[in-house]
Amino acid sequence: MTEGAIAGRMTRRGVILGAFQLGTGVVLALRLRQLQVEQADQFRLLAEENRINIRLIPPRRGLIVDRHGALLAGNEQNYRIAIVREEAGDVRAVLNRLAKIIDLAPAEIDEVVKDLERRSAFVPVTVAERVSWQDFSAVAVNAPTLPGIQTEVGTSRIYPWAEDTAHVVGYVGPVSDYDLERLDDPDPVLQIPRFQIGKVGVEARLEQLLRGKAGSRRIEVNAVGRVIREIDRIEGTPGSDVQLTLDAALQDFVQARLGEESAAAVVIDVRNGDILASASSPSFDPNKFVRGISVADYKALLEHDHRPLSNKAVQGAYPPGSTLKPVVAAAALEAGVIDPSETVYCPGFVEVAGRRFHCWRRGGHGHVDIRKSLQQSCDVFYYEMAQRLGIERIARMARRFGLGEGFDLPMSAVSEGLVPDKDWKRRKYGKDWLVGDTLNAAIGQGFVLTTPLQLAVMTARLASGRALIPRLVKSVDGVEVPHPPAPPIGVSASILDRVRDGMNAVSNTRRGTAFSSRIVAEGMEMAGKTGTSQVRNITKAERARGVFRNEDLPWERRDHGLFIAFAPREAPRFAVAVVVEHGGGGSTAAAPIARDIMLRTLYGDVPPLEAYPESQRGRIGAMLKELRLRTPPGPHGKRTRA
Amino acid sequence: MSYLEYTVKRVPTGLSKVLYLNWALVLLVTAVASVGFLMLYSVAGGRLDVWAEPQMKRFAVGLVVMFAVGLTPVWFWRSLSGLGYLVSLILLVAVDLFGVASMGAQRWLDLGFMRLQPSELAKIALIMALAAYYDWLPPERISRPLWVLVPVVLVVVPALLVLKQPDLGTALLLVLGGGAVMFAAGVHWGYFAAVIASGAGLVGAVLSSRGTDWQLLKDYQYRRIDVFLDPSSDPLGAGYNITQAKIALGSGGWTGKGFMQGTQTRLNFLPEKHTDFIFTTLAEEFGFIGAASLLALYLLIVLFCLASAMRNRDRYGALLTYGLSANFFLYFAVNMAMVMGLAPVVGVPLPLVSYGGSAMLVLMLGFGLVQSAHVHRPR
């Protein structure tokens, strides 16, 4: 091979190498073009997604205030202490130093350390929540010696009236998976960790109003999620402030007066249907739920036989007993089946369809007219009315007074109660209505069920002659909720006057069943009706032997005591209904409570003893002094810091 | 023709040599290095002192090295070829024994004033040795099996030592660079065909050995292969680098997001942004135009080297230039293919641009050799 040939071959090989290299260069350029020109849009999108993160700013939850502006549910500053691993260095050493300033158990430290190890180094982990202001400032002052410790201020819900408003206002809690499924609510704010939504009561029912709209900030993050800067920020709208018709101080009094009885009471403004108080006892502290109730506390609430978690004022459906009699009386008068002066003879029982129906008074009431039938609550009179009227006319009148109606109020599980009729029985039991059913219904027993709220509405309608609709929300963001005046109920004034006269006799005449719970203050007198509803059947044998007295029965078999009242009797302003579960008779268990509540409502303060009959003043004065009333917190949650 | 037969007086001497340097090549190299400074300034978030300034200093040293090497007669370098090869082998063994581990591999020798990566040096030493071998070998023996075996051994020994570090990328580059010299020297086609065929067989063996007792690669290397074949299989794990690199590249578009405006880079979505993945920053910030321009600059460097080699009648000088240009080509081609998702991630820096001292110095040493061959070629 010649030198030339060799050199030639080398050059050829060089050309081939060059060609190969150029070719590779072209391939690279084509690939570059493919990525950067053809697929550029797609990759640009991916880059944006990488870069931009949307963080939600939780909106301020709307406040709930009473009719005078007193705070029922507010937002409290929550002082939190957190630690950031990458800034702390030796986490354990820092936490041990922190434990000398605030109360921190070794187990809690271990928990925090474990939590820190699971997360990225720059993520703050909560060490302590709801720290007192003193501890919080102590930590802040000592910040230089506590690297990585952060002090944060968040908000959490607070209910200054605690037990008083628990049932009406309800409470909030963290969003659960169950909530997400149930609510079908796409609001992304629900995804914020620890975000709280209404669980019960007004908080739950007016969730959409109270929650507001979340703001958002778009932030640029780097590959590990650290925030680099804020790109822009859209402020959210805070939730609406809701004003309820409740009077917090009155509500507090009512709750205190009910005490530890299993009872409920509702106060309604007769002029417009405003619910001034709606209490159910025993109650619970909703703040415990916000903070995370302990298992033991929750179990205690669930297992309590007085059912503190249920709002008996609207959820409890009780046989109204004799409190239904004014309605039946109105029905009888309107139907003309009885004349106002006509009397019915009460021998203590009546025999209908082969069954003996007893009057509560064994000896009977003798000759009874409308007024006396209410005053002394004669059952036999109403057995007679029942037969003359039939169930349909009784049911119709009951419905006109709001019984059997589920009012649209923002509380949880508002019950409709039950006003039975022939159709209903056939549908429900497939059985024919019996005349005995009518007799039982006429004295508020048997199938009839009413809630304390319905009884209060019924009383307010009796007192006003108008078909009042109860109202709980007074205004939203300062704008009054429209509430047109209620139309007349359509029962003639003369009939209503007769019934009211009977109710007046109940409270203000010597033979009246609630005479001992009368009000003696001039112009404040109340008219009412007692009710005692049986929760058990009295057997023939027991009746022969003598009916057990309530005191001799176990608590859960005792009668419910009920009382409805309006006052002042000449120009009614307020209606009150009280139900004391298994409290015994209405005149002894419910009427005294109702009178205290009525007086508190009429006077706008703890009632003066002059309003009570002289002989009772000593005992009542002592009782009122014993009541543990709350001192109302400052307006709008501006609670002074200790 | 061997250099001893040159009419030496036709070769430039003294200071006049400076005029005979391949100045176009000097300019191109400087241009590429400048792109590197710019990008290092950018990835440091607009700071010179982090990467750009040390890189400039090294380049300055590199230029001095290039000129010094370039003005030294090529026959001096030829005489050093065998010794250089032996020294590089010793260094490769030394790095195995005393080297500094970094990123799971033992690649560095700490010399006190700098950390040397002997495998970089080995690439140049191998090319010099092979060029010298073929310069010495009578042309008719080039394709004889026994005489083919000798350079194969010369290639395989350092390659195996590098593979042991382990550094698959550099080992492959050694083999390919050595192969380029043998190819240019005129070794018969058949050998290359056989090597490619057995290479394919080896790949098959490597893949099928996975999970068996005789597994040929480390687990992480298999994972890299998996991820290369389907980056989306592990977008946040092993595939993260490739996926994010492609996003950076692609989102650059035609003209890029602008200098220092690359979100992928600035927000640390890109891995090893100042070293192996620096090309993606360039592509993100200057778009297709910028990236293609750099590619063109690289290809021009290779073409100028090839042109120089073709005009060089000195076999040693020509083979040296072919080999070094192929080596340089392999660097950037593999790096670019890697960040564009055309090749597995093997840890090859972008020459003259990626931050790194010993790579820069060794590259400039290589260009010095190319200059030396260019200046001292027979005329």
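Bear in mind that the values here come from a model prediction, so they are computed numbers and not experimental data. Naming convention: chains lettered A, B, ... in sequence-line order (proteins, then strands); numbering from 1 in each chain.
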Starting from the C-alpha separation in whole Å, work towards a yes-or-no answer on side chain to side chain contact (heavy atoms under 4.5 Å, CB included) for V302(B) and L22(A). CA-CA 9 Å; V302(B) 170; L22(A) 264 183; over 6 Å; no
Decide whether a cation-pi geometry holds between R13(A) and W189(B); the criteria are a distance under 6.0 Å from NZ or CZ to the six-membered ring centre and an angle within 45° of the ring axis. yes
F20(A) CZ: over 12 foreign heavy atoms closer than 6.0 Å: no
Sub-4.5 Å side-chain heavy-atom contact between V15(A) and L306(B): no
Can you confirm whether L319(B) sits close enough to M10(A) that some side-chain heavy atom of one is under 4.5 Å from a side-chain heavy atom of the other? yes
Is A309(B) in contact with chain A via its backbone, its side chain, both, or neither, using a 4.5 Å heavy-atom distance? neither
Do T255(B) and Q36(A) have side chains that get closer than 4.5 Å, going by heavy atoms? no
Spell out, as yes or no, whether a donor-acceptor pair under 3.5 Å connects the side chain of R31(A) to the backbone of L342(B). no
Residue among R33(A), Q34(A), Q21(A), E38(A) with most heavy-atom pairs under 4.5 Å to chain B: Q21(A)
Non-hydrogen atoms of chain A under 4.5 Å away: do they reach the side chain of F328(B), the backbone, both or neither? neither
Do the non-hydrogen side-chain atoms of I16(A) and F183(B) ever get within less than 4.5 Å of each other? yes
As an exercise, state the distance from OG1 of T11(A) to CZ of R311(B), rounded to the nearest 0.5 Å. 12.0 Å
Residue A296(B) versus chain A: region with a heavy atom under 4.5 Å: neither
Derivation and outcome, side chain to side chain contact (heavy atoms under 4.5 Å, CB included), residues Y298(B) and L28(A): CA-CA 12 Å; Y298(B) 276 131; L28(A) 289 175; over 6 Å; no
Under a 4.5 Å heavy-atom cut-off, does chain A meet the side chain of F288(B), its backbone, both or neither? both
Part of L295(B) lying under 4.5 Å from any heavy atom of chain A: side chain
If you tally heavy-atom pairs under 4.5 Å against chain A, which of A307(B), A283(B), S325(B), P138(B) wins? A283(B)
For a side chain to side chain contact (heavy atoms under 4.5 Å, CB included) check, start with the C-alpha distance between F329(B) and L17(A), then their side-chain angles and the critical distance, and finish with the verdict. CA-CA 10 Å; F329(B) 165 81; L17(A) 269 181; over 6 Å; no
